[in-house]
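The structure under discussion appears below in the form of structure tokens.
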Amino acid sequence: QVQLVESGGGWVQPGGSLRLSCAASDFSSVNYNFAWFRQAPGKEREGVVCISSNGRSYYSRSARGRFTVSRNTTNETSVLQMNSVKPEHTAVYYCVRAYIMFSRSCELGSYDQIEQSGYWGQGTQVTVSS
């Protein structure tokens, strides 16, 4: 099946920046939706941002104005640029890829269907601390 690999995680100071990448193994020409989820210790998993097959994105409140998501249909990748990070952003970040039929849900920030139906990467740890 499809393999998604996240990279770029690590330690960063508050206010700093980090760039996460997600690469799909199938190198498909299909325009997928890419979502980024995160799960902090003791917390429920939550959606961070979703970028649709049309290139429209929806950010969670914590990510809005701080993070920027992009996608590249040529090499089937998604990049999450994290700026002005806070300790609260510490979590394991997951890349999720969903079929084009979920584009509207992605654009509206309705993550449930994507969470349940998408393909998941293994996650990458992001730690924000002084």
Side-chain angles (χ1 to χ4, degrees):
Q1 59 180 313
V2 175
Q3 181 180 359
L4 300 177
V5 179
E6 301 97 335
S7 62
W11 174 85
V12 63
Q13 294 184 355
S17 299
L18 207 62
R19 186 175 185 268
L20 307 183
S21 297
C22 172
S25 62
D26 61 352
F27 209 82
S28 175
S29 62
V30 176
N31 292 330
Y32 293 98
N33 305 289
F34 281 93
W36 288 88
F37 288 76
R38 68 185 174 202
Q39 187 165 23
K43 302 292 184 179
E44 297 292 327
R45 188 165 58 198
E46 62 178 346
V48 178
V49 63
C50 191
I51 182 166
S52 74
S53 59
N54 300 315
R56 187 183 296 270
S57 57
Y58 184 93
Y59 296 87
S60 66
R61 290 198 302 271
S62 64
R64 200 167 298 151
R66 299 178 183 271
F67 300 169
T68 302
V69 69
S70 62
R71 63 186 299 275
N72 189 320
T73 58
T74 300
N75 57 7
E76 278 296 305
T77 60
S78 178
V79 172
L80 180 64
Q81 179 67 45
M82 305 170 60
N83 297 322
S84 302
V85 296
K86 297 180 177 180
E88 306 92 87
H89 297 145
T90 296
V92 177
Y93 283 73
Y94 298 91
C95 174
V96 182
R97 194 180 78 174
Y99 287 114
I100 192 172
M101 67 175 67
F102 300 109
S103 292
R104 185 59 174 166
S105 295
C106 175
E107 294 170 357
L108 293 175
S110 300
Y111 295 104
D112 288 352
Q113 289 182 310
I114 295 174
E115 184 175 17
Q116 295 175 7
S117 303
Y119 290 93
W120 289 73
Q122 83 288 351
T124 185
Q125 177 70 50
V126 172
T127 302
V128 183
S129 68
S130 300

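None of the values given here were measured: they were computed from a predicted structure.
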Common cluster, [X]/[Y], ILVMFWY with side-chain heavy-atom separation under 4.5 Å:
X	Y	value
Ile100	Tyr111	no
Ile114	Met101	yes
Val2	Val96	yes

request  = Would you kindly say whether Asn72 and Thr77 are connected by a side-chain donor-acceptor distance under 3.5 Å?
outcome  =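 No, Thr77 and Asn72 have no side-chain donor paired with an acceptor closer than 3.5 Å.
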inquiry  = For the residue pair Arg38 / Ser62, report whether a side-chain donor-acceptor contact shorter than 3.5 Å exists.
reply    =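 Result is yes, a qualifying pair exists.
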Quick check on [X]: does its [atom1] atom have over 12 non-hydrogen neighbours (other residues, nucleotides or ligands) under 6.0 Å away?
X	atom1	value
Gln113	CD	no
Arg64	CZ	yes
Arg104	CZ	no

[X] side, atom [atom1]; [Y] side, atom [atom2] - distance, nearest 0.5 Å:
X	Y	atom1	atom2	value
Arg56	Ser103	CZ	OG	11.0 Å
Gln3	Tyr119	CD	OH	13.0 Å
Leu80	Thr124	CG	OG1	11.0 Å
Arg97	Glu76	CZ	CD	5.0 Å
Ser60	Arg66	OG	CZ	10.5 Å
Cys50	Glu115	SG	CD	11.5 Å

Counting only N and O atoms by type, is there a donor-acceptor contact under 3.5 Å from the side chain of [X] to the main-chain atoms of [Y]?
X	Y	value
Glu107	Tyr58	no
Thr90	Thr127	no
Trp120	Leu4	no

Donor-acceptor contacts under 3.5 Å from residues 7-17 side chains, at least two apart:
from  : atom 1 : to     : atom 2 : distance (Å)
Trp11 : NE1    : Ser129 : O      : 3.2
Trp11 : NE1    : Ser129 : OG     : 2.8
Ser17 : OG     : Asn83  : OD1    : 2.8

ask   = Within a strict 4.5 Å, meaning less than it, do heavy atoms of the Val49 and Phe34 side chains meet?
value = no
ask   = With a 4.5 Å heavy-atom cut-off, do Phe67 and Val85 have their side chains touching?
value =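 Yes - at least one pair of side-chain heavy atoms lies under 4.5 Å apart.
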key: Residues in side-chain hydrogen bond (donor to acceptor under 3.5 Å, both in side chains) contact with Gln39, at least two apart in sequence or another chain   = none
message = Would Val79 and Arg19 count as a side-chain contact (heavy atoms from CB on, under 4.5 Å) here? Give the steps.
response = CA-CA 7 Å; Val79 172; Arg19 186 175 185 268; 3.5 Å; yes
query = Closest approach of Ser53 and Asn33, non-hydrogen atoms and distance?
reply =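 Reported closest heavy-atom pair: N-OD1, 2.9 Å.
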request  = Please name the pair of heavy atoms, one in Gln122 and one in Tyr94, separated by the smallest distance, quoted to 0.1 Å.
outcome  =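 Taking every non-hydrogen atom into account, O-CE2, 3.5 Å.
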ask   = How about Tyr32 and Tyr99: are their ring centres within less than 6.0 Å of each other?
value =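 When the ring centroids of Tyr32 and Tyr99 are compared, they turn out to be within the sub-6.0 Å range.
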inquiry  = Name the residue from Thr68, Val126, Val48, Val69 that meets the side chain to side chain contact (heavy atoms under 4.5 Å, CB included) definition with Met82.
reply    = Val126
key: Test side-chain contact (heavy atoms from CB on, under 4.5 Å) applied to Cys95 and Trp36, step by step   = CA-CA 5 Å; Cys95 174; Trp36 288 88; 4.1 Å; yes
